K.L.:
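Below you'll find the structure I mean.
This is a predicted model, so every value here is computed, not measured. Every chain is numbered from 1 and lettered A, B, ... according to where its sequence line falls, protein lines coming before strand lines.
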Amino acid sequence: MTHKGSAVLDDLQARGLVHDSTDLASLRQRLDDGPITVYCGFDPTSDSLHAGNLLMLLNLRRFQDGGHRPIALAGGATGMIGDPSGRSEERNLLDDAQLAANLEGIVPQLRRFLDFDGGLHPARLVDNRSWTIATSVIDFLRDVGKHITVNQMLGKESVRSRLESASGLSYTEFSYMLLQANDFYELYRLDGCELQIGGSDQWGNIAAGIDLIRRRTGSHAFGLTSPLLTRRDGTKYGKSSTGANLWLSAQKMSPFRFHQAWIGTPDEDVRKLMLQLTLLQVHDVEELVAAHQLSPERRVAQRRLAREITALVHGDDQADAAEQAADLLFAGGDPRLVDAASWEMLCREVPLATFDPSRLSGEGAVPAELFAELGLASSRSEARRLLEQRGWMVNGRRLEPHHRLTSADLIMERYVLVRRGRSDFHVLSAS
RNA sequence: GGGUCGGUGCCCGAGUGGCCAAAGGGAGCGGGCUGUAAACCCGCCGGCUUACGCCUACGGAGGUUCAAAUCCUUCCCGGCCCA
């Protein structure tokens, strides 16, 4: 490492990724003194991580690239309790099977973004069950609970907001903070971990851990939070424009859809997202933004953003495929002219539904009925409404009111390309 | 336990016997403009039907009435007050 250990901090600040921090000057000094061990926790509340988690994963990566040692923590134990932070209502407890399935989903995702093998500071992946499960209630209350007063806990925003709400806060969730504080303590004790990072909603939990470490060891640990990923209107990202979560799992959201979600990024958000969700250098981002502003209709920034994030999450090959599919679909040409290989690729990228070819014989199929059956619309009424509102395109042409689908509409004697609205594509396949 | 107010469509919220598939707002969806952007404009927004229309729905279950989201009985749930 030729550069200073605190360079990562400058980078984070330049990217707008520092929301709250313990004494920044001390942290800077500590980073310059040598590699630090930094951790961030991810609770298995679902079987996949989403775009919001991606931001923190990349932050760990930034620390690793900056010469520090990252630990990704899978919250096998805390996931059983449920973090009340940022939540207006009590969580439902996960059962063992669900938790196991969720961990199985997210652990490989955690592995993907860090370097676990090479270098002087390989990343580590831990599960907080390893030190939590065997702990007795008595030990926990004596060793952890004794050091934190209820008075402090009541002062935390996550607790206070819930105390004022109608749904209240169970003792279980109230205790969550102690578990996370103990995680930090254990990682400090076992691995010399001195820094915890997280989303800004984690500040209370992180501070509790720092307090616990100080009380039990007299040492100073550090905390750093990043702003939650929000749109210009303040709503959380992680959700796509359609309201669905932006899942990192290809099973839950196809790479194509994932890529498309970022393509649709509003101009005002694109700079921030490039800074916070990609590993592009800050000055490269500024160049891209400048180029974008010169001719925004080319959408170079959005394209690059989508490219970078999709490649990070799904790999270069998948990003290529998603780009090609998008070019094909949005170029506006006649899809019947597309070659077989491209069609195959398209079928992998775009949601595919199969139907019985006999539907096309005779009079042919009523499009609205077929589309509703295949899930392209939630009911026949909706499909019909869309037809009235000119919301359907079949094979690149506006669907006419009385058109029937027949074998003449098949591409490659097998496929129908359906577009609903502006950018919702489906391939129907006669099986 | 007593009293009282309330539970309406995805959310908020009007409606107190027919004019109610139910005002208004938000979200969402489609179209237009543009750039697969934002803003803005128009339309749609329970289901079935080409359509006339039919069915289901205003916390649950019964009842009164030609007619109920609206009245009565009862049950469930929530807020507030008293104990």
K.L.:
Would you say that A:Asp83 contacts A:Gln202 through its side chain, given a criterion of any heavy-atom pair below 4.5 Å between the two side chains?
P.N.:
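SC-SC contact between A:Asp83 and A:Gln202 confirmed.
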K.L.:
What's the gap between B:A37 and B:G28 when it is taken at their P atoms, as a whole Å value?
P.N.:
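The same atom, P, in both gives a distance of 15 Å.
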K.L.:
Can you work out whether A:Gly391 or A:Glu297 has the more 5'-proximal nearest nucleotide on RNA chain B?
P.N.:
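Nearer the 5' end of the strand: A:Gly391.
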K.L.:
Please give the distance between the C1' atoms of B:G1 and B:C54 as a whole number of Å.
P.N.:
49 Å
K.L.:
I'd like the P distance from B:G24 over to B:C72, given in whole Å.
P.N.:
29 Å
K.L.:
Can you tell me the base-pairing partner of B:C71? Count Watson-Crick or G-U wobble geometry only, both distances below 3.5 Å, and say none if there is no partner.
P.N.:
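Check on B:C71: paired to B:G63, both distances under 3.5 Å.
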K.L.:
For A:Asp327 and B:G35, what is the distance between atoms CG and P respectively, to the nearest whole Å?
P.N.:
17 Å
K.L.:
Rounding to the closest angstrom, what is the interatomic distance between B:U4 and B:G9 at atom P?
P.N.:
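These two P atoms come out 26 Å apart once rounded.
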K.L.:
With rounding to whole Å, what would you report as the distance between B:C45 and B:A22 at their P atoms?
P.N.:
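B:C45 and B:A22 have their P atoms separated by 10 Å.
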K.L.:
Would you kindly give the CD-to-C1' distance between A:Glu268 and B:A39, to the nearest whole Å?
P.N.:
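From A:Glu268 CD to B:A39 C1': 9 Å.
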K.L.:
Whole angstrom is fine here: how far is it from CZ in A:Arg299 over to C1' in B:U34?
P.N.:
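About 10 Å, once rounded to whole Å.
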K.L.:
Closest to the A:Leu386 side chain: B:C29, B:G35, B:G31?
P.N.:
B:C29
K.L.:
Without decimals, in angstroms, what is the distance between A:Arg422 CZ and B:G28 P?
P.N.:
18 Å
K.L.:
With sugar-phosphate meaning primed atoms plus P, OP1 and OP2, does A:Arg419 contact a base, only sugar-phosphate, or nothing at under 4.0 Å between heavy atoms?
P.N.:
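It contacts nothing in the nucleic acid.
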K.L.:
For A:His314, check ring pair (Phe, Tyr, Trp, His ring centres under 6.0 Å) against everything at least two apart and list the hits.
P.N.:
A:Phe258
K.L.:
Between B:A23 and B:C58, how far is it from one C1' atom to the other, in whole Å?
P.N.:
14 Å
K.L.:
Suppose the criterion is ring pair (Phe, Tyr, Trp, His ring centres under 6.0 Å): which pairs have a residue in residues 285-305 of chain A, not counting sequence neighbours?
P.N.:
none
K.L.:
Taking the C1' atom in each of B:A14 and B:G6, what is the distance between them to the nearest angstrom?
P.N.:
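Comparing C1' positions in B:A14 and B:G6 gives a spacing of 15 Å.
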K.L.:
Could you identify the nucleotide paired to B:A22, looking across every strand shown and requiring Watson-Crick or G-U wobble geometry with both distances under 3.5 Å?
P.N.:
none
K.L.:
Quick one: which residue pairs count as a ring pair (Phe, Tyr, Trp, His ring centres under 6.0 Å) with a foot in residues 263-282 of chain A, not counting sequence neighbours?
P.N.:
none
K.L.:
Nearest-Å distance, CD (A:Gln389) to C1' (B:G32)?
P.N.:
13 Å
K.L.:
Hydrogens and angles aside, do A:Gln196 and A:Gln180 bring a side-chain donor and acceptor to less than 3.5 Å of each other?
P.N.:
yes
K.L.:
Please report the distance, rounded to the nearest Å, between CD in A:Glu323 and P in B:U36.
P.N.:
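After rounding, the gap between these two atoms is 16 Å.
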K.L.:
When the distance from CZ of A:Arg420 to C1' of B:C44 is rounded to whole Å, what number comes out?
P.N.:
12 Å
K.L.:
What is the pairing partner of B:A14, taking Watson-Crick or G-U wobble pairs with both distances under 3.5 Å in any strand?
P.N.:
none
K.L.:
Could you check if a side-chain atom of A:Asp10 sits within less than 4.5 angstrom of a side-chain atom of A:Arg15, using non-hydrogen atoms only?
P.N.:
no
K.L.:
Quickly work out the A:Ile263 CD1 to B:A38 C1' distance and round it to whole Å.
P.N.:
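From A:Ile263 CD1 to B:A38 C1': 16 Å.
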K.L.:
Counting Watson-Crick and G-U wobble pairs only, both distances under 3.5 Å, name the nucleotide matched with B:C40, or none.
P.N.:
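Pairing partner, where one exists within any strand: B:G32.
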K.L.:
Go along nucleotides 45-51 of chain B 5' to 3' and tag each nucleotide: B for a protein heavy atom under 4.0 Å from its base, S when only backbone or sugar atoms are that close, - otherwise.
P.N.:
S-SBBS-
K.L.:
Considering residues at least two apart in sequence or located in another chain, which fulfil the ring pair (Phe, Tyr, Trp, His ring centres under 6.0 Å) criterion with A:Trp203?
P.N.:
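For A:Trp203 there are no ring pair (Phe, Tyr, Trp, His ring centres under 6.0 Å) partners, ignoring immediate neighbours.
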K.L.:
For B:G26 and B:G13, measure between their P atoms and round to the nearest Å.
P.N.:
15 Å
K.L.:
Applying ring pair (Phe, Tyr, Trp, His ring centres under 6.0 Å) as the test, list every pair that has at least one member in residues 373-393 of chain A; sequence neighbours left out.
P.N.:
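Every pair satisfying ring pair (Phe, Tyr, Trp, His ring centres under 6.0 Å) with a residue in residues 373-393 of chain A: A:Phe371-A:Trp392.
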